[in-house]
Chemist: 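Below is one structure. I have some questions about it.
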Amino acid sequence: MVKLKPLPPKEAIAFFRQKGYQIGFDYRDVWQAEHQSAFTVAKAMQLDILKDIRSEVDRALADGTTFADFRRNLKPILQQKGWWGVAPMRDPVTGEVKDAQLGSTRRLQVIYDTNLRTAHGEGQWARIQQTKDSFPYLMYSGGHSAHPRHLHLSWSGMVLPADDPFWQAHLPVKEWGCKCRVIQQTDGMLKRAGRQVGTAPEVPSYTYQNKRTGEIQQIPEGVDPSFHYPPGGRAAALNSYLAEKVDGAAPDLAVAAVQDLVRGDAFKNFFNKPQGVFPIGVIPAADAQRLGAGTQTVRLSAETLQKQGTIHPELTADEYALVQDAIDSGQL
């Protein structure tokens, strides 16, 4: 008898592999939806360490590596590079030197669980969007943790349409260590199980302030502030991330970066399915100052692209590659 091996979760792998790198001292420095486009580990301030950790997370996703193997592979590498235990570090935001927890078995467990579960969640959301005509409902399945959240447990068995706004705020994973999930359903599956489509509960919110930035938000109950962002925002988050990276680059490097981006697949994907914003040009500093712009980067929003497509349907993605040439020649 041939033993079948489960296929790797291609959507989860695709979500994880599109991420860039972002260094942060505190877990709140890379915040909420930024995790959809950037891989980070708090206090991993060296790119080579981030790459080592990311490589093992990628292996775990693609090969089904267990946590025991993940830890066995990664721990000696991190120890050799000095990223283990407690060490004094300067907080770049406050300037304060404090004892910081670097690598530990517990931290590796959190890194492993959180990255795998969020990648699987985003991958599942992509599959839901692809198959919701055939599987138009989602059933919340909670109670899988050793200490389940009572609110999550109260939603277990609830069935809602896949397009219900409830999932934008509450599609798992929404708290640290959360093991809740959703299960796609058809009319036939519901009928056989004796289940019915319900209505979304009214979920109260609480006030949260990010003490790193001062930002105040209303967060739905049952959601940790770190996970307060909608599923499926990968493309929009990635485009915004690219625009911010261009903003922070030297002008000559920014121009080169924009030209590469607009002429590549990233812009073609944005052109075909607009989400968020995309950098398409860099104007001189003097012009930015004269216009009162907060940045030299010219950003094309999804809304503007859609309007332009209605007014000028003849425009192609390749023509946007000429924007920087027009800026440089003063003919825009």
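Any value given below was found using the heavy atoms of this structure, including those in side chains, with hydrogens, waters and symmetry copies removed. One is the number of the first residue; the rest follow in order along the sequence.
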Chemist: Check whether any side-chain N or O of D164 sits under 3.5 Å from a backbone N or O of L160 as a donor-acceptor pair, and report yes or no.
Modeler: no
Chemist: I want to check something: taking the side chain as every heavy atom from C-beta on, are W155 and V203 in contact at a cut-off of under 4.5 Å?
Modeler: yes
Chemist: Is any NZ, NE, NH1 or NH2 atom of the basic residue among R212 and D91 found under 4.0 Å from an Asp or Glu carboxylate oxygen of the other?
Modeler: yes
Chemist: Looking only at side-chain N and O atoms, does Q36 offer a donor or acceptor that is under 3.5 Å from a partner on E122?
Modeler: yes
Chemist: Under the 3.5 angstrom rule, does the side chain of R28 hit a backbone N or O of N210 as a donor-acceptor pair?
Modeler: no
Chemist: If only atom types and distance count, is the side chain of Q259 paired as donor or acceptor with the main-chain N or O of A321 below 3.5 Å?
Modeler: no
Chemist: Under 3.5 Å, is there a donor on one side chain and an acceptor on the other for D63 and T65?
Modeler: no
Chemist: So, taking the atom named OG in S55 and the one named CG in L50, what distance separates them when rounded to the nearest 0.5 Å?
Modeler: 12.0 Å
Chemist: Tell me, please, which residues at least two apart from Y229 pass ring pair (Phe, Tyr, Trp, His ring centres under 6.0 Å).
Modeler: none
Chemist: Give me the ring orientation class for F267 and F271: parallel if the planes are under 30° apart, tilted from 30 to 60°, perpendicular past 60°.
Modeler: tilted
Chemist: What residues, two or more places apart in sequence or in another chain, satisfy salt bridge (Lys or Arg N to Asp or Glu O under 4.0 Å) together with R149?
Modeler: E175
Chemist: Would you find more than 12 non-hydrogen atoms of other residues, nucleotides or ligands less than 6.0 Å from F135 atom CZ?
Modeler: no
Chemist: Does CD in E202 sit with more than 12 non-hydrogen atoms of other residues, nucleotides or ligands closer than 6.0 Å?
Modeler: no
Chemist: Within a reach of under 6.0 Å around NZ of K211, are more than 12 heavy atoms found that belong to other residues, nucleotides or ligands?
Modeler: no
Chemist: Can a salt bridge be assigned to the pair D26 and K43 using a cut-off of 4.0 Å between side-chain N and carboxylate O?
Modeler: no
Chemist: Using side chain to side chain donor-acceptor pair (under 3.5 Å) as the criterion, point out the one residue from Q129, H120, R127 that pairs with E11.
Modeler: R127
Chemist: Using modelled atom types and a 3.5 Å cut-off, is there a donor and acceptor pairing between side-chain atoms of T114 and backbone atoms of I111?
Modeler: no
Chemist: Please lay out, stage by stage, how Q209 and Q217 fare under the test side-chain hydrogen bond (donor to acceptor under 3.5 Å, both in side chains).
Modeler: CA-CA 6 Å; Q209 181 176 23; Q217 293 178 300; over 6 Å; no
Chemist: Can you see which heavy atom on P88 is nearest to which on V97, and at what distance?
Modeler: CB-CG1, 4.2 Å
Chemist: Determine, using ring centers only, whether F16 and F39 are less than 6.0 Å apart.
Modeler: yes
Chemist: Do D287 and R290 meet the salt-bridge criterion of a basic N to acidic O distance under 4.0 Å?
Modeler: yes
Chemist: Hey, what do you get for OG (S226) to CH2 (W176), rounding to the nearest 0.5 Å?
Modeler: 5.0 Å
Chemist: Angle class for the Y140/H152 ring planes (parallel below 30°, perpendicular above 60°, tilted otherwise)?
Modeler: perpendicular
Chemist: Might you confirm whether atom NZ of K307 has over 12 heavy atoms from other residues, nucleotides or ligands at distances under 6.0 Å?
Modeler: no
Chemist: More than 12 non-hydrogen atoms from neighbouring residues, nucleotides or ligands closer than 6.0 Å to CD on Q196, yes or no?
Modeler: no
Chemist: Between R181 (side chain only) and G142 (backbone N and O only), is there a donor and an acceptor less than 3.5 Å apart?
Modeler: no
Chemist: Without swapping roles, check the side chain of H35 against the backbone of V30 for a donor-acceptor pair under 3.5 Å.
Modeler: yes
Chemist: Side chains of T131 and Q184 only: does a donor on one sit below 3.5 Å from an acceptor on the other?
Modeler: yes
Chemist: Taking the six-membered ring of Y21, is the NZ or CZ of R54 close enough (under 6.0 Å from the centre) and on axis enough (within 45°)?
Modeler: yes
Chemist: Among residues at least two apart in sequence or on other chains, which ones pass salt bridge (Lys or Arg N to Asp or Glu O under 4.0 Å) with K132?
Modeler: D163
Chemist: Got a donor-acceptor contact below 3.5 angstrom from the S145 side chain to the H147 backbone?
Modeler: no
Chemist: So, taking the atom named CG in L138 and the one named CD1 in I183, what distance separates them when rounded to the nearest 0.5 Å?
Modeler: 10.0 Å
Chemist: Would a distance-only check, ignoring hydrogens and angles, find a side-chain to backbone donor-acceptor pair under 3.5 Å from Q324 to V282?
Modeler: yes
Chemist: Just do the side-chain hydrogen bond (donor to acceptor under 3.5 Å, both in side chains) check on T316 and D318 with the steps written out, would you?
Modeler: CA-CA 5 Å; T316 66; D318 291 337; 4.9 Å; no
Chemist: Hey, would you say the W125 and F15 ring centroids sit under 6.0 Å apart?
Modeler: no
